Colleague: 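Structure in structure tokens, see below.
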2 protein chains.
Amino acid sequence: MTHDPIARLRRFNRAVTTEVGALDHSFLGRGRPLGAARVLNAIGQGFTEVSEIRDYLGLDSGLMSRLLRSLEGEGLLTTTPDEADARRRIARLTEAGQAEFTAYESLSDSRAEALFSRHPKPQALLAAMDLVASVLGRDRILITEQDPRCQAAVFCLGEYYSELARRFERGFDVSLSCDPDAADMIRPRGVFLVALSDGLPLGCVGLKGSGASADPMDLDQADSPRKAEIKRLWVSPAARGLGLARDLMTRVEEIACDLGYTHLRLDTNSALPEAVNLYRASGWVEIDRFNDDPYPDFFFEKKIGRSPGVS
Amino acid sequence: MTHDPIARLRRFNRAVTTEVGALDHSFLGRGRPLGAARVLNAIGQGFTEVSEIRDYLGLDSGLMSRLLRSLEGEGLLTTTPDEADARRRIARLTEAGQAEFTAYESLSDSRAEALFSRHPKPQALLAAMDLVASVLGRDRILITEQDPRCQAAVFCLGEYYSELARRFERGFDVSLSCDPDAADMIRPRGVFLVALSDGLPLGCVGLKGSGASADPMDLDQADSPRKAEIKRLWVSPAARGLGLARDLMTRVEEIACDLGYTHLRLDTNSALPEAVNLYRASGWVEIDRFNDDPYPDFFFEKKIGRSPGVS
DNA sequence: ATTATTATCTGACCTAAGTCAGCGACATGA
DNA sequence: TCATGTCGCTGACTTAGGTCAGATAATAAT
């Protein structure tokens, strides 16, 4: 059934190296060395401080200085001292520079279109690329705090709901479920985490504060356990098996602890066995039903914080 | 359902560029510039003629010469004039060179293992990589003539049979079907084509000569139509939709023509609609059953050659 | 046999990329 | 205010990679 995996990986590397080489060459297509094109691109993306760009591209300060000078000589950008700290310099694209940047962008867009147009199932190709990119880029996945109403969060939640609709025999309708209020998943009451891989959302999890305020100021006077709920744990199919769900849970539990919560609860469904196994494996204990949401059939709790012995 | 495809492609490019960069760096890890390492690698892979290597790596003749000299200076290879054509030079690894080559290989193998080990479904990852590599490497797919008993051919046929077993309701058992004799698919009676992408077999097709000899010498005295059969057209799932089947058919028909055949026939099955559509779209005409093989239920013929009007 | 072609080699040259030490302007904490 | 550190700039240098015009020798074509 299988051919040698190593040979297949080599073939992949070769195909991709050639493509990347062609990509580099297309950068050169506008008569500018790669380094200068990369700097132009970074500034076009929104980087402004010289030291940030240097960091992002991994360039030596001397080299960076020369590249900036050459672009400045072409009239593509201007540099001005930072107002707050006159040692730092701010680089901004001129109109010509902006035009040049968009020229590069449209060049790369048309490459992308050409690639997709030569395949009968662009969706399948994209899914395969997502999978590969997730594995290769595992170490560069960032877990960020986001407003649950922002674009990335809404994207994740949409994917989450449509996955539930596929998995549950009876389907899934958000309006029938307890949809947490966005304000409950924003500090200081809660938090909403999104895992980003080079800007693409790959997973999320929410911490929903209970009705009562969870202001950290209350920490000292806390006699009764402070309760919060974990909601909306989702990982993109492309990124499954990389331990991302565990990372999300670890982070959200840490934040819950910082926010002063001691008791966490969550509801889930036996149609999501990966999630159930993860909860079981990471210290969650099954408890009785604690709400009347029609969808969940599994309920868990976990006590967190520095003194987990207190019941 | 979808996020911006361009953003996803960018993410893929970024992930892959980083990986390729790391790969380049791992090449550099043995204190040798990338160019020299690539030459060493090419020779280790089996390339011997200098001009072939230059072609394969896309190097200038002057640069190539210098790289060879530097590797020779390190004692990693020797060059000798080609016996048949003393202008050409043959490069061969010394023992030290062979050792160095295997060191690079095991370095890249361990990278591969690390990559696969961090994913729970290496098969799915490999399939995704195959798909991406096939699309990116479409232009580098070579259609080669092979002995139908060679490793690549046997691999293709195995995949072909197991695909038939999946597709046919009653399954598929080669021993019940007319399995063509290998000798019938070798020149001058026939041919067997394998499509290779950087060494990985992605598709095949056979031309099976009829019982009577099809020696080109008979061309002039040919009164009766010379018949041959197309067999075993298969394309890897990773490479479907790229027009590879059409390329294979075009090539095999050309070769059939060169071998002096004027009438081609084939049998197929309605469970393989892509194939049936391809035949219909490229000039094949449905005919009556011409054998008693239990599996096919569709039969086609096509007249080829410079004078297709003769019936 | 003469001519054209091909494969490789050599020397001269170029660019991109990167490293390093030191300089000047500025910022900051004691 | 003064020592110390930071940021960006400059000049000098190195390496890798690549181009180009012959030179040389062998081969193929006429």
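From a predicted model like this one, the values you see are computed outputs, not experimental measurements. In what follows, chains are A, B, ... by sequence order, proteins preceding strands, each numbered from 1.
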Colleague: Counting heavy atoms from C-beta on, name the nucleotide in D/dG17, D/dG8, C/dA27 closest to the side chain of B/P33.
Modeller: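 Comparing D/dG17, D/dG8, C/dA27 against the side chain of B/P33, the answer is D/dG17.
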Colleague: Going through the distances and angles, do A/S197 and B/R11 end up as a side chain to side chain donor-acceptor pair (under 3.5 Å)?
Modeller: CA-CA 7 Å; A/S197 161; B/R11 168 171 168 266; 2.7 Å; yes
Colleague: Of the non-hydrogen atoms in B/R138 and B/L242, which two are nearest, and what is the gap between them?
Modeller: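 Here B/R138 and B/L242 meet closest at NE-O, 2.8 Å.
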Colleague: Could you state the atom-to-atom distance from CG of A/D85 to P of D/dG8 in whole Å?
Modeller: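 Between P of D/dG8 and CG of A/D85: 9 Å.
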Colleague: Are side-chain N/O atoms of A/T79 and A/E72 paired as donor and acceptor at under 3.5 Å?
Modeller: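 The criterion, which ignores hydrogens and geometry beyond distance, is satisfied for A/E72 and A/T79.
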Colleague: Quick one: the side chain of B/R87 and the base of C/dT6, do they pair up donor-acceptor inside 3.5 Å?
Modeller: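 Result: at least one qualifying N/O pair found.
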Colleague: Judged by modelled atom types alone, do A/Y56 and A/R38 share a side-chain donor-acceptor pair under 3.5 Å?
Modeller: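 Looking only at side-chain atoms, A/R38 and A/Y56 do not form any donor-acceptor pair under 3.5 Å.
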Colleague: Regarding B/R66 and B/D60, does a basic nitrogen lie under 4.0 Å from an acidic carboxylate oxygen?
Modeller: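 Salt bridge absent between B/R66 and B/D60.
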Colleague: Ignoring backbone atoms, establish whether B/R54 has a side-chain N or O less than 4.0 Å from OP1 or OP2 of C/dT8.
Modeller: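 Yes.
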Colleague: How far apart are the closest heavy atoms of B/G97 and B/L40, and which atoms are they?
Modeller: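 Taking B/G97 first and B/L40 second, the nearest heavy atoms are O-CD1, 4.3 Å.
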Colleague: How close or far is atom C1' of D/dT24 from atom CZ of B/R88, stated in whole angstroms?
Modeller: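 In whole Å, D/dT24 C1' and B/R88 CZ are 18 Å from each other.
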Colleague: Applying side chain to side chain donor-acceptor pair (under 3.5 Å), run through B/R32 and B/Y104 and close with a yes or a no.
Modeller: CA-CA 11 Å; B/R32 191 169 290 112; B/Y104 278 110; 3.0 Å; yes
Colleague: Going by atom types alone, do A/R88 and A/S51 pair a side-chain donor with an acceptor below 3.5 Å?
Modeller: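 Note: A/R88 and A/S51 side chains meet the donor-acceptor criterion.
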Colleague: Residues of residues 62-75 of chain A with any non-hydrogen atom less than 4.0 angstrom from an atom of DNA chain D: list those, numerically ordered, please.
Modeller: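 Here the set is A/G62, A/S65, A/R66, A/R69.
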Colleague: Taking CG from B/L59 and P from D/dG17, how many angstroms apart are they, rounded to a whole number?
Modeller: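 The distance from CG of B/L59 to P of D/dG17 comes to 10 Å, rounded to the nearest Å.
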Colleague: Name the residue closer to the 5' end of DNA chain C, choosing between B/D60 and A/E83 according to the nucleotide with the nearest heavy atom.
Modeller: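 Checking each residue's closest nucleotide, the 5'-ward one belongs to B/D60.
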Colleague: Quick one, which residues of residues 43-52 of chain A touch DNA chain D with a heavy atom under 4.0 Å?
Modeller: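 Hits under 4.0 Å, by residue number: A/V50, A/S51.
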